[in-house]
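If you're wondering where the values come from, they're calculated on a predicted model, not measured in any experiment.
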Amino acid sequence: MILEMVRANGAVSLRELARVVQTSEVTVRRDVRALEAEGLLDRRHGGAVLPGGFTRESGFPQKSHLATAEKTAIADLAANFVEEGEAIVVGAGTTTQELARRLARVPGLTVVTNSLLVAQALAHANRVEVVMTGGTLRGSNYALVGSGAEQSLQGLRVSRAFLSGSGLTAERGLSTSNMLSASVDRALVQAAAEVVVLADHTKLGTDTMFQTVPTDLITRLITDEPPAHDDRAATELQALADQGVQIAVAGASGSSGGDAVPARPQQQRRDVPLPAPRRGQVPGAAAGLRAAAVLGEQPPGAERARVADLRRR
């Protein structure tokens with residue numbers, strides 16, 4: 001049954017396999033490992049793909065059935081980062097298509113895209129202007145690619161780019177399996193002041209052939225909550241955060257997870273609770289340390305290590 005699902009969809013998450021075969025993800029992972037040893041499929045972070053998946057890209061029908069709940073949650077959260085009257089670019093993909101469906105309710109929005117699916121989702125939005133690139137239609141993902149698409153983006157400047165891809169690692173950033181798609185995505189990135197990557201947990205730690213966005217150009221990653229046993233995803237998220245990527249985590253039900261997202265995007269601030277002043281401490285020193293912790297300043301003297309420990313907690 002696992003082989004049938006992988007062959008039918010191209011790529012399937014462990015979570016979906018466990019649901020269909022009605023067993024635990026631990027059992028499914030063991031079976032996938034055994035099938036990989038026989039050369040019948042390749043394991044990927046959080047799932048399984050057909051052999052040769054490093055260079056093979058699944059088509060839209062296969063991708064549309066993979067991690068659907070996670071993509072919905074990510075799109076719900078990503079929509080909170082779009083303001084009225086903004087001009088943005090939205091790349092091709094099933095996750096960005098979900099985002100586009102939610103953007104139809106944002107008045108005064110201008111969306112530049114090379115995706116027919118994104119344009120279709122916004123086609124009947126009365127107060128949203130859709131600008132499509134030129135280019136050659138790539139039927140596997142309904143996207144416009146090639147020199148025509150890239151040239152139409154020259155001289156463009158927008159506030160944000162929302163992109164997805166085939167894999168995301170802290171070492172290489174966002175990547176995809178197709179050279180033409182990667183080239184257009186790079187042109188989209190050049191047009192934006194900020195880059196927001198939409199990637200579910202199955203793509204974390206996955207590296208594919210063509211780099212689209214290096215890690216140092218990614219402003220924010222919006223993803224879903226990895227399974228508790230998925231140490232690799234947690235490690236990758238921490239590595240991305242260490243390189244300055246802002247992480248926003250959405251719950252599978254559509255509610256925000258680890259990061260609270262305001263109605264209007266702004267720099268996140270979190271007060272660090274500090275104990276009462278110790279004996280002999282100058283009054284108001286705790287407040288000063290709290291301000292230093294919130295603003296990211298380094299407190300003086302011996303208190304520096306204590307504040308760092310409080311930050312970790």
Side-chain angles (χ1 to χ4, degrees), residues 57-68 70-166 174 176-200 203 210 212-213 222:
E57 183 182 27
S58 301
F60 170 76
Q62 292 79 26
K63 290 182 178 180
S64 62
H65 296 294
L66 183 62
T68 54
E70 290 84 351
K71 292 174 182 176
T72 298
I74 291 169
D76 286 339
L77 185 54
N80 291 325
F81 290 94
V82 180
E83 302 183 42
E84 296 183 9
E86 252 192 305
I88 63 174
V89 295
V90 179
T94 52
T95 310
T96 52
Q97 180 190 25
E98 288 294 327
L99 171 62
R101 290 169 177 158
R102 288 144 183 83
L103 297 182
R105 301 188 292 268
V106 181
L109 189 64
T110 299
V111 177
V112 180
T113 184
N114 68 321
S115 170
L116 297 186
L117 298 175
V118 169
Q120 183 184 39
L122 295 168
H124 300 292
N126 294 328
R127 294 186 288 177
V128 177
E129 181 179 2
V130 179
V131 179
M132 294 207 67
T133 69
T136 302
L137 178 63
R138 185 165 179 260
S140 60
N141 64 346
Y142 300 95
L144 297 172
V145 298
S147 60
E150 296 170 37
Q151 290 173 9
S152 66
L153 293 166
Q154 292 180 2
L156 180 71
R157 193 61 174 171
V158 298
S159 58
R160 293 182 185 88
F162 292 86
L163 300 174
S164 62
S166 302
L174 192 66
T176 187
S177 302
N178 182 265
M179 181 175 64
L180 294 176
S181 295
S183 186
V184 174
D185 281 352
R186 285 193 287 267
L188 293 172
V189 169
Q190 292 297 319
E194 296 181 0
V195 178
V196 181
V197 171
L198 313 181
D200 63 78
K203 297 178 181 178
F210 299 99
T212 56
V213 190
I222 303 180

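Of all heavy-atom pairs spanning Thr133 and Ser152, the tightest one is CB-OG, 3.2 Å. Scanning both residues, Ala121 and Ala104, for their nearest heavy atoms gives O-CB, 4.4 Å. Closest approach of Leu198 to Ser164, counting heavy atoms only: O-CB, 3.2 Å. Minimum interatomic distance between Leu153 and Ala187 (heavy atoms only, all atoms of both residues): CD1-CB, 3.7 Å. What you find for Phe210 and Ala182 is that their closest heavy atoms are CB-CB, 3.7 Å. For Asn141 against Ala92, the heavy-atom pair with the smallest separation is ND2-CB, 4.2 Å.
Evaluation of the side chain to side chain donor-acceptor pair (under 3.5 Å) rule for Ser159 yields Glu86 as partners, not counting sequence neighbours.
Once rounded to the nearest 0.5 Å, the distance linking CG of Leu116 with CE of Met132 reads 4.5 Å. For the atom pair OG1 (Thr212) and CG (Leu174), the distance works out to 3.5 Å, reported to the nearest 0.5 Å. Considering CD of Gln97 and CG of Leu122, their distance stands at 10.0 Å, rounded to 0.5 Å.
Within the structure, the side-chain hydrogen bond (donor to acceptor under 3.5 Å, both in side chains) test picks out the following pairs touching residues 98-126 (sequence neighbours left out): Asp76-Arg102, Glu98-Arg101, Glu98-Arg102. Listed by first and then second residue, the side-chain hydrogen bond (donor to acceptor under 3.5 Å, both in side chains) pairs that reach into residues 183-194 are Glu150-Ser183, Arg160-Glu194, sequence neighbours excluded.
Looking only at side-chain heavy atoms (C-beta outward), Val111 and Val128 come within less than 4.5 Å of each other. For the pair Leu103 and Ile88, the minimum side-chain heavy-atom distance is below 4.5 Å. Residues Phe162 and Leu99 are in side-chain contact: their nearest non-hydrogen atoms beyond the backbone lie under 4.5 Å apart. Side chains of Val89 and Leu156 form a contact here, defined as non-hydrogen atoms less than 4.5 Å apart.
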**OP:** Could you go through the side-chain contact (heavy atoms from CB on, under 4.5 Å) check for Leu109 and Val82 one step at a time?
**Re:** CA-CA 9 Å; Leu109 189 64; Val82 180; 3.6 Å; yes
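Of the candidates Thr94, Asp200, Thr95, Lys71 forms a side-chain hydrogen bond (donor to acceptor under 3.5 Å, both in side chains) with just one, namely Thr94. Between Leu144 and the choices Val184, Thr136, Leu137, the side chain to side chain contact (heavy atoms under 4.5 Å, CB included) rule is met once, by Leu137.
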